[in-house]
Number of protein chains: 2
Amino acid sequence: MSLRYAVLAALVHGEATGYELAKRFDAGVANFWHARPQQIYAELTRLHESELVRATEVPQRNRPTKRVFALTDAGVAELVAFAAAPKQPTALRDELMVAVQAADVVDPDVLVEALDRQAERARRKLAHFRDVERSILSGRTEEEFVRTTRHLGPYLTCRAGIRLETETAQWCAWAIELLRARQGRDQAPKANCPTA
Amino acid sequence: MSLRYAVLAALVHGEATGYELAKRFDAGVANFWHARPQQIYAELTRLHESELVRATEVPQRNRPTKRVFALTDAGVAELVAFAAAPKQPTALRDELMVAVQAADVVDPDVLVEALDRQAERARRKLAHFRDVERSILSGRTEEEFVRTTRHLGPYLTCRAGIRLETETAQWCAWAIELLRARQGRDQAPKANCPTA
DNA sequence: CGTCACATGTAAAAGGTTACATGATTCG
DNA sequence: CGAATCATGTAACCTTTTACATGTGACG
């Protein structure tokens with residue numbers, strides 16, 4: 001039932017089409033909830049039926065008509081109620097970590113490659129979040145910003161994303177080092193000592 | 001299909017009962033995958049049918065007979081194949097973050113309370129991971145450990161958990177500060193200026 | 001001339017959660 | 001004497017993923 005609130009929350013700071021929301025949730029750009037486009041479209045339909053969002057059809061030349069969604073007052077009220085309700089703990093599912101947990105039985109080279117890809121992905125997301133941060137602050141210091149903004153929410157979650165992706169990239173680099181260090185023990189002899 | 005591999009990975013470093021695995025996956029103690037007990041039992045049944053794990057029935061006095069599961073060679077092979085296959089990006093679902101994203105329309109006190117609970121949860125998990133780390137290293141330095149261990153996997157994921165929970169607790173504290181700072185602007189006048 | 005971005009969905013299958021069920025023992 | 005721990009599941013329901021479907025315009 002939480003996708004409902006995730007979509008509402010994504011609309012707090014302005015209207016959007018299903019397509020735009022889908023990109024945020026699918027690309028992992030929304031750093032707090034993940035969902036596929038099909039889910040977003042279905043959820044928007046349901047939210048519209050419940051009148052928690054209103055839809056405006058915008059005809060376009062040479063493109064399909066799009067529906068722009070915005071929160072209704074009832075939608076805002078729903079979010080307020082959600083915020084007050086007890087939260088489920090964070091649910092994490094990470095295939096790479098499953099592979100890493102099995103590090104002692106799998107090929108280290110394969111793991112290092114996967115860790116490299118993960119680190120690269122983290123750096124890309126980090127760059128994105130830094131852009132978002134810059135555009136949110138738009139020149140103000142954090143102190144100035146906090147006292148004047150109506151966009152504290154996005155700033156807080158953006159900072160969470162920055163911290164998370166920074167950590168991820170650093171951890172990957174550290175893990176790669178350790179795997180290589182151990183490989184050094186196992187494989188250097190093969191290269192250095194033809195007798196082995 | 002990944003729960004399958006998560007369970008196999010959890011068995012790499014020793015046998016366990018469904019009950020023990022269920023605790024690890026449910027309590028969020030397994031820091032890389034989340035699953036409910038019912039899922040674990042069902043998955044173990046399937047893994048057993050596929051002969052990726054073997055089960056040993058252990059009768060106990062005054063307790064129901066338990067089934068202790070261990071990886072078979074085929075199970076290890078399955079894990080090796082999984083490690084080499086492309087990984088899906090990390091999927092995160094965090095209800096608290098949804099509420100934080102909506103910070104500009106919800107009651108700040110309610111959010112601060114929720115952030116406090118999250119920080120507390122993070123500190124508890126952190127304490128647990130530190131215990132695990134200590135018991136893995138058991139007095140050795142990291143360098144010694146890496147050169148001699150067959151338990152690098154658990155150490156790597158444990159360190160990821162430590163970093164993640166540390167970050168989470170710090171971010172929560174920072175977010176609380178910012179919310180309070182903004183509240184100061186809105187609410188201090190109410191107390192200090194009876195004219196307002 | 002192929003592929004990407006825009007823009008929206010349906011339908012079937014897989015995966016995950018919630019509620020329920022059982023039953024002894026130990027701890028406070 | 002009630003609650004938590006050990007130990008295992010079934011059944012119904014809800015959520016999520018995957019595969020499929022459609023059509024134009026811009027870019028290289």
Using the side chain to side chain contact (heavy atoms under 4.5 Å, CB included) rule, take B:I136 and B:F145 through it: C-alpha gap first, then chi angles, then the decisive distance, then the call. CA-CA 9 Å; B:I136 292 177; B:F145 168 77; 3.4 Å; yes

At under 4.0 Å, does any side-chain N or O of B:Y19 touch on OP1 or OP2 of D:dT8? no

If the sugar-phosphate is the primed atoms plus P, OP1 and OP2 and the base is the rest, what is the B/S/- string for nucleotides 20-28 of chain C, using protein heavy atoms under 4.0 Å? ---B-S---

Report yes if a side-chain nitrogen or oxygen of B:R67 is closer than 4.0 Å to either non-bridging phosphate oxygen (OP1 or OP2) of D:dA7; otherwise report no. no

With a 4.0 Å cut-off, would you call B:R124 and B:E120 a salt bridge? yes

N/O (side chain, B:Q60) to phosphate O (OP1/OP2, D:dC6) under 4.0 Å: no

Between CD on residue B:E142 and CH2 on residue A:W174, distance to nearest 0.5 Å: 5.5 Å

Establish, with yes or no, whether the OP1 or OP2 oxygen of D:dG9 is under 4.0 angstrom from a side-chain nitrogen or oxygen of B:Y41. no

Is there a path of hydrophobic side-chain contacts, each under 4.5 Å between heavy atoms of I, L, V, M, F, W or Y residues, that connects A:V146 with B:L111? yes

Name each donor-acceptor pair under 3.5 Å that joins a side chain in residues 1-9 of chain A to protein atoms two or more places apart or in another chain, with its distance.
unit_1, atom_1, unit_2, atom_2, d
A:S2, OG, B:E95, OE2, 2.4

Spacing between A:M1 atom CE and D:dT15 atom P, to the nearest angstrom: 7 Å

N or O in side chain of B:H34 less than 4.0 angstrom from C:dG16 OP1/OP2: no

Would you indicate what A:R4 reaches in the nucleic acid, counting non-hydrogen atoms under 4.0 angstrom: base, sugar-phosphate, or nothing? nothing

Per the under-4.0 Å heavy-atom filter, residues of residues 44-58 of chain A near DNA chain D come out as none

Do the side chains of B:R24 and B:E20 get close enough for a salt bridge, i.e. N-O under 4.0 angstrom? no

Rounded to whole angstroms, how far apart are CD on A:E43 and C1' on D:dT15? 10 Å

Cationic N near anionic O, under 4.0 Å, B:D104 to B:R182: yes

Using a strict cut-off of less than 4.0 Å between a Lys/Arg side-chain nitrogen and an Asp/Glu carboxylate oxygen, indicate whether B:R130 and B:E133 qualify as a salt bridge. yes

If only side-chain N and O atoms count, and only distance matters, is there a donor-acceptor pair under 3.5 Å linking B:Q88 with A:R93? no

Between B:T17 and A:S2, name the one whose nearest nucleotide on DNA chain D is closer to the 5' end. B:T17

Return no unless some side-chain N or O of B:K23 is found under 4.0 Å from OP1 or OP2 of D:dC6. yes

